Amino acid sequence: MKQLMQGNTAAARGLYEAGCCVASSYPGTPSTEITEEAAKFEEIYCEWAPNEKVAMETAFGAALAGRRSFCGMKHVGLNVAADPLFTVSYTGINAGMVICVADDAGMHSSQNEQDSRHYARAAKLPMLEPSDSQEALNFFKTAYEISEEFDTPVIVKMCTRVAHSQSLVETGEREDAIKIPYEKNIAKYVMMPGNAIRRHPVVEERIRKLRIYSDFSKMNRFDDGKEKSIGIITSSTCYQYVKEACGDLYPVFKIGMVWPLPDEKIREFAKSVKRLVIVEELDPFIEEHCKSLGLVCEGKDLFPVEGELNQNIIAQKLMNTKTAGKKLDENIPPRPPVMCAGCPHRGLFYTLNKNQCTVLGDIGCYTLGAVAPLSAMDMTLCMGASVSALHGFNKALENYSGEKIKKAVAVIGDSTFMHSGMTGLANIAYNQSKSVVIILDNSITGMTGHQQNPTTGFNIKGDPAGKINLENLCRAMGFNRVRVVDPYNLKECEDALKEELEADESSVIISRRPCALLKYVKHKPPLKVSIEKCVGCKSCMKIGCPALSIKDGHAHVDPTLCVGCGVCEQLCRFNAFEHTVNEGEQDG
């Protein structure tokens with residue numbers, strides 16, 4: 001049966017058909033939907049882990065128990081999971097284990113655009129790279145076969161375009177779940193130095209065998225071309241761009257197993273063409289490998305090392321032309337990202353800006369607090385860094401400049417706090433910096449599309465689950481000053497902020513109100529503006545709410561966007577905002 005599938009949906013189907021039993025992941029665009037889709041299959045136990053390291057260790061434990069397992073993450077998530085990644089390469093597995101990493105060339109939803117292929121080479125693990133939805137399904141199934149044949153985890157590398165584009169997929173039936181008995185093997189699985197040193201030669205021998213496998217793998221294939229003046233080596237979504245731009249004009253060597261690379265096949269292909277060109281996004285990974293084989297080739301001297309490639313770039317560089325494409329005559333106005341109308345973070349960020357705080361930020365939709373007019377964030381580095389960096393920031397000023405810390409705070413979301421904020425908070429408690437940490441608790445993992453987390457009380461399927469109480473947790477970690485505020489109440493936020501900044505010890509403020517986009521959140525009727533009272537001072541515009549605008553010199557509320565949060569109302573000295581009523585309330 002053939003059907004149109006998104007790449008991530010096809011990947012999940014591949015997990016199902018391969019007999020995967022356990023999937024543990026942390027949501028991260030563009031990888032999130034793989035685990036969400038896998039959770040729809042009752043045969044696969046799926047969960048959201050607190051972070052990627054935990055997810056990978058959970059998947060390893062399941063594979064150790066003899067069941068095929070999976071963990072998924074985005075490229076920066078693999079940084080978090082790098083510790084177990086490098087050592088599980090030494091231990092190997094029992095049943096098959098597949099790791100998916102989804103890169104984000106172009107930084108559509110990421111703080112960098114690192115190239116995850118380097119991890120496969122550094123950890124000496126095989127990596128497969130599908131170029132469309134059908135290959136996503138097939139490669140995930142093949143990954144389990146490789147994993148069990150070579151006693152290794154296998155990385156499947158997706159990217160934004162493959163993960164989120166759709167193409168035809170032919171589905172199959174689910175294999176019987178592998179059930180391999182667990183057998184105690186201290187020498188293989190206990191990685192103390194005496195055992196680990198004997199496992200390293202096993203890894204080197206395995207990578208040599210995988211190189212031979214790669215040379216014979218059908219995932220690496222030749223597409224013939226009419227003109228032999230140029231031969232193109234490519235992979236992933238770049239293969240689609242090359243075929244669209246060049247058709248069957250030039251021969252193409254499409255690589256599906258990007259590590260270890262098929263050396264003999266590369267040499268064979270290079271001999272058949274006059275000019276060898278490598279087309280790949282981000283780093284010159286394949287290009288540098290080809291050069292290490294003694295081949296003369298072109299790559300990043302033609303194509304940029306930054307951002308995504310496309311059909312036009314390839315056509316221009318290889319054929320001195322551009323593919324036919326329609327261009328709009330109109331100038332489309334820019335649409336910068338903003339926090340949603342009624343976002344619970346808006347009031348808190350307004351308060352931080354008003355009080356001229358130095359705000360060390362974190363990863364999440366609240367990072368938009370850095371955008372004008374709020375402009376209430378000074379730093380964003382990686383998950384959990386806000387809390388740790390605040391401690392260092394305050395210690396540096398306290399110990400080496402004699403300055404009394406007054407207005408530096410850290411902000412971190414509830415899901416991000418569970419991901420990697422707790423250790424930074426423990427450092428503050430242990431090493432005693434006078435730091436104010438604000439947990440922005442919107443009761444969901446907002447940025448990646450409303451996934452549950454350990455503080456919400458629900459699991460990946462929406463069923464009741466363990467719920468961590470943030471207040472009790474912070475107190476248990478040694479904080480005496482823990483308070484909860486409603487970010488819709490500006491006075492309450494400002495009073496709490498000023499009091500905690502003046503305190504002689506560290507503290508935690510929990511800014512708690514659920515995300516305005518959650519389906520179960522009940523909203524008030526939209527506000528409206530009294531033209532007679534509004535003087536056009538624009539004070540309400542300081543919060544940057546997309547429901548507010550200025551029309552004919554007066555404030556205007558878009559009733560289709562407004563959720564009646566009342567934050568703008570608190571900024572108006574002229575009481576120009578008025579409450580409307582729902583029809584049902586009016587009838588009553």
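If you're wondering where the values come from, they're calculated on a predicted model, not measured in any experiment. Side chains included, hydrogens not; waters and symmetry mates left out as well; all remaining heavy atoms used.
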Check: N195 side chain, V190 main-chain N or O, donor-acceptor pair, under 3.5 Å: yes

Test side-chain contact (heavy atoms from CB on, under 4.5 Å) applied to T448 - qualifying residues, sequence neighbours left out: P27, T29, T32, T445, Q451

Pairing residues for R475 by the side-chain contact (heavy atoms from CB on, under 4.5 Å) criterion, not counting sequence neighbours: E471, N472, V482

Side-chain donor or acceptor of S31 paired with backbone N/O of A102 under 3.5 Å: no

Residues that K461 engages under side-chain hydrogen bond (donor to acceptor under 3.5 Å, both in side chains), provided they are two or more places apart: E42

Exam field: side chain R206 to backbone T152, donor-acceptor pair closer than 3.5 Å: no

Closest approach of C238 to L309 (non-hydrogen atoms, all atoms of both residues): SG-CD1, 3.9 Å

Any side-chain donor near an acceptor of the partner, S435 and H391, under 3.5 Å: no

Electrostatic pair E287-K300, nearest N-O below 4.0 angstrom: no

Any residue meeting side-chain contact (heavy atoms from CB on, under 4.5 Å) with C100, in chain and number order, not counting sequence neighbours: I34, F70, F140, M158

Smallest separation among heavy atoms of P514 and Y520, with atom names: CB-OH, 4.5 Å

Distance-only donor-acceptor hits, side chain of residues 537-547, under 3.5 Å, sequence neighbours excluded:
none

Test item: D301 side-chain N/O and G299 main-chain N/O as donor-acceptor pair under 3.5 Å: yes

For the student: nearest non-hydrogen atoms of Q570 and K491, plus distance: OE1-N, 4.3 Å

Side-chain donor/acceptor of K188 to backbone N/O of I93, under 3.5 Å: yes

Shortest non-hydrogen contact from V485 toward A496: CG1-CB, 3.6 Å

Contacts of type salt bridge (charged side-chain N to carboxylate O under 4.0 Å, His left out), residue E36, not counting sequence neighbours: none

Taking every non-hydrogen atom, the tightest pair across T91 and R199: O-NH2, 3.2 Å

NZ/NE/NH1/NH2 to OD/OE distance under 4.0 Å, E398 and K434: no

Residues H118 and D283: side-chain donor-acceptor under 3.5 angstrom: yes

Side chain to side chain contact (heavy atoms under 4.5 Å, CB included) evaluation trace for V338 with L368: CA-CA 6 Å; V338 294; L368 293 169; 5.7 Å; no

Side chain D378, main chain T358, donor-acceptor under 3.5 Å: no

Residue pair N453 / H419, side-chain donor-acceptor N/O under 3.5 Å: no

For Q452, all residues meeting side-chain hydrogen bond (donor to acceptor under 3.5 Å, both in side chains), sequence neighbours excluded: T456

Under the side-chain contact (heavy atoms from CB on, under 4.5 Å) test, residues paired with I197 that sit two or more places apart: none

N/O donor-acceptor pair under 3.5 Å between S69 side chain and F60 backbone: no

Short side-chain to backbone donor-acceptor contact, D103 and A105, under 3.5 Å: no

Neighbour count >12 (heavy atoms, 6.0 Å) for atom OH, Y430: no

D104: partners by salt bridge (charged side-chain N to carboxylate O under 4.0 Å, His left out), with sequence neighbours left out: none

Side-chain donor-acceptor pair present, S236, R161, cut-off under 3.5 Å: no

Side chain to side chain contact (heavy atoms under 4.5 Å, CB included) evaluation trace for F417 with V437: CA-CA 11 Å; F417 178 74; V437 175; 5.6 Å; no

Gap between atom CG of N355 and atom CG of L501 - 0.5 Å precision: 8.0 Å

Non-neighbouring partners of R117 that pass salt bridge (charged side-chain N to carboxylate O under 4.0 Å, His left out), sequence neighbours left out: D115, E280

Closest non-hydrogen atom pair, L390 against A410: CD2-N, 3.5 Å

Set of side-chain hydrogen bond (donor to acceptor under 3.5 Å, both in side chains) partners for H164, sequence neighbours left out: E33

Single hit among L490, D495, N489 for side-chain contact (heavy atoms from CB on, under 4.5 Å) with T351: L490

Side-chain donor/acceptor of Q356 to backbone N/O of N353, under 3.5 Å: no

Which residues share a ring pair (Phe, Tyr, Trp, His ring centres under 6.0 Å) with W259, sequence neighbours left out: F285, H289

Residues N79 and Y119: side-chain donor-acceptor under 3.5 angstrom: yes

Test item: T160 side-chain N/O and P30 main-chain N/O as donor-acceptor pair under 3.5 Å: no

Candidate pair T87 and S89, rule side chain to side chain contact (heavy atoms under 4.5 Å, CB included), full reasoning: CA-CA 5 Å; T87 304; S89 174; over 6 Å; no

